[in-house]
Protein chains: 2
Amino acid sequence: MSRSRDAVHEILRRSESFRSAQDIFTEMRSVGAKIGLTTVYRALQALNDDGRVDVLRTDDGEAVYRACASGVHHHHLVCRACGRTVEVAGPDVERWAEAIGAEHGFVEITHTVEVFGTCADCSGPR
Amino acid sequence: MSRSRDAVHEILRRSESFRSAQDIFTEMRSVGAKIGLTTVYRALQALNDDGRVDVLRTDDGEAVYRACASGVHHHHLVCRACGRTVEVAGPDVERWAEAIGAEHGFVEITHTVEVFGTCADCSGPR
DNA sequence: GACAGTTTTGACAACCGTTTTCATTTTCCT
DNA sequence: AGGAAAATGAAAACGGTTGTCAAAACTGTC
Ligand SMILES: [Zn+2]
Ligand SMILES: [Zn+2]
Ligand SMILES: [Zn+2]
Ligand SMILES: [Zn+2]
């Protein structure tokens, strides 16, 4: 798994928002790349397994992917309108999650945190 | 929408973990209730519209529902093994989300936060 | 109670994103 | 070049969810 995996990774690196498999597939086809939808799905899950892309689920259950610049644990601030995404750190949140878990006797704590809003460009000069 | 909506709500109130539509449907049928899967789905989305149940997506995209005791904004600490769920508050997290959004010029901030772990019963006396 | 109008129900089909299958193509190594 | 192994993609299968539509249940009125 290499040729197309890199192609998919490249698409994601060029994008600053989360993208769906179908979305990526359509873009690649529209610029003449000959690739199958199945391969896009496989590339995405390989990239995710390797920790090279982040994935999250939209409200309607679609998986969307992003090649994040940061290799370490972080979260996302996503514009509801244009999808633009900023990677953010939240040391306080990390500590809070651990603490709240411990407080109730839970171990091996993990968490998911996403922040949504409307970015400056999209809320715009009214 | 009433009879079956209440029945579904009741099932959820009796459960302390998040449940899927299929799951609820199977339980209801197994105790002799005559209800259709479609109706369960409709009841769940109605309850959610009314803000009476919380919904979240599992990693594989399935929607799961829970009738939370708290009517106000809160988050969940979920056991990966048995599903047992504790409602938790995180004032620090609320403030952090607002602040991080504002810091990047985003407005109308919302967020999703879920904490996962293994509960005391499930991690058990090794 | 009978009746007409409205709402709810549920079997079934349609949808849609994702995964599996499997035969073909490409890549890699000698 | 030759053969084994990995990658590819078209099409079928899958699983959760939503749409369809005719039948059933509920509503209020005479
Ligand atoms: Zn925006
Ligand atoms: Zn974190
Ligand atoms: Zn547990
Ligand atoms: Zn919150």
Side-chain angles (χ1 to χ4, degrees), chain A residues 1-12 15 17-67 78 80 83 85 112 114, chain B residues 1-12 15 17-67 78 80 83 85 112 114:
Chain A
M1 202 175 293
S2 200
R3 180 63 39 83
S4 49
R5 181 168 68 86
D6 288 345
V8 169
H9 196 195
E10 182 56 25
I11 295 270
L12 282 178
S15 175
S17 56
F18 279 86
R19 309 282 302 272
S20 73
Q22 310 256 13
D23 188 10
I24 293 167
F25 170 69
T26 302
E27 173 176 336
M28 296 182 79
R29 275 295 177 88
S30 76
V31 296
K34 56 177 171 49
I35 190 172
L37 180 56
T38 309
T39 303
V40 174
Y41 275 107
R42 276 192 287 240
L44 287 171
Q45 64 191 38
L47 288 166
N48 184 54
D49 289 349
D50 294 356
R52 278 201 263 276
V53 303
D54 289 356
V55 58
L56 64 84
R57 293 264 173 187
T58 64
D59 283 340
D60 56 303
E62 194 176 23
V64 287
Y65 302 82
R66 184 172 197 270
V78 184
R80 250 185 306 268
T85 298
T112 67
E114 308 292 339
Chain B
M1 201 174 296
S2 199
R3 181 62 40 83
S4 49
R5 182 168 68 84
D6 288 345
V8 170
H9 197 195
E10 183 57 26
I11 294 270
L12 283 177
S15 175
S17 55
F18 279 86
R19 309 283 302 271
S20 73
Q22 308 258 15
D23 188 11
I24 294 167
F25 170 69
T26 302
E27 173 175 336
M28 294 182 80
R29 275 295 177 89
S30 77
V31 295
K34 54 178 172 52
I35 191 172
L37 180 55
T38 309
T39 303
V40 173
Y41 275 107
R42 274 192 291 239
L44 287 170
Q45 65 190 39
L47 288 166
N48 184 55
D49 289 350
D50 294 356
R52 276 201 264 274
V53 302
D54 289 358
V55 59
L56 63 83
R57 292 265 172 186
T58 64
D59 283 341
D60 55 304
E62 193 176 24
V64 287
Y65 303 81
R66 183 170 198 272
V78 184
R80 249 186 306 268
T85 299
T112 66
E114 307 294 338

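Order of the sequence lines fixes the chain letters, A, B, ..., with proteins taken first and strands second; residue numbering starts at 1 for each chain.
- Under the 3.5 Å distance criterion, the side-chain polar atoms of Ser17(A) are left unmatched by any main-chain donor or acceptor of Ser15(A).
- Counting heavy atoms from C-beta on, the side chains of Ile11(B) and Met28(B) come closer than 4.5 Å.
- In this structure, the side-chain hydrogen bond (donor to acceptor under 3.5 Å, both in side chains) partners of Asp50(B), at least two apart in sequence or on a different chain, are Arg52(B).
- Arg5(B) contributes no side-chain N or O that, together with a main-chain N or O of Arg42(B), makes up a donor-acceptor pair within less than 3.5 Å.
- Sorted by first then second residue, the side-chain hydrogen bond (donor to acceptor under 3.5 Å, both in side chains) pairs that include residues 24-41 of chain A, not counting sequence neighbours, are Arg19(A)-Glu27(A).
- The backbone N or O of Ala7(B) lies less than 3.5 Å from no partner atom in the side chain of Ser4(B), so there is not a single donor-acceptor pair.
- A heavy atom lying under 4.0 Å from DNA chain D marks the following residues of residues 24-35 of chain A, by number: Arg29(A), Lys34(A), Ile35(A).
- Every residue meeting the ring-ring contact (aromatic ring centres under 6.0 Å, His included) condition with Phe18(B), not counting sequence neighbours, appears here in chain and number order: His76(B).
- Contact annotation: Arg3(B) reaches the phosphate of dC26(D) (side-chain N/O to OP1 or OP2, under 4.0 Å).
- One interatomic measurement links the two molecules: CG of Asp49(A) to P of dT19(C), which rounds to 11 Å at whole-angstrom precision.
- Between Thr39(B) and dT9(C), a side-chain N or O to OP1/OP2 separation shorter than 4.0 Å is absent.
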Please tabulate, one pair per line, all N/O donor-acceptor pairs under 3.5 Å involving side-chain atoms of residues 58-65 of chain B, not counting sequence neighbours.
| residue | atom | partner | partner atom | Å |
| --- | --- | --- | --- | --- |
| Thr58(B) | OG1 | Asp60(B) | OD1 | 2.9 |
| Thr58(B) | OG1 | Glu62(B) | N | 3.1 |
| Thr58(B) | OG1 | Glu62(B) | O | 3.4 |

(message) For nucleotides 13-20 of chain D, give me one character per nucleotide, 5' to 3': B if any protein heavy atom sits under 4.0 Å from the base, S if the only such contacts are to the sugar-phosphate, - if neither.
(response) ---SBBB-
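- Between the CZ atom of Arg5(A) and the C1' atom of dA6(D) there is a distance of 13 Å, rounded to whole Å.
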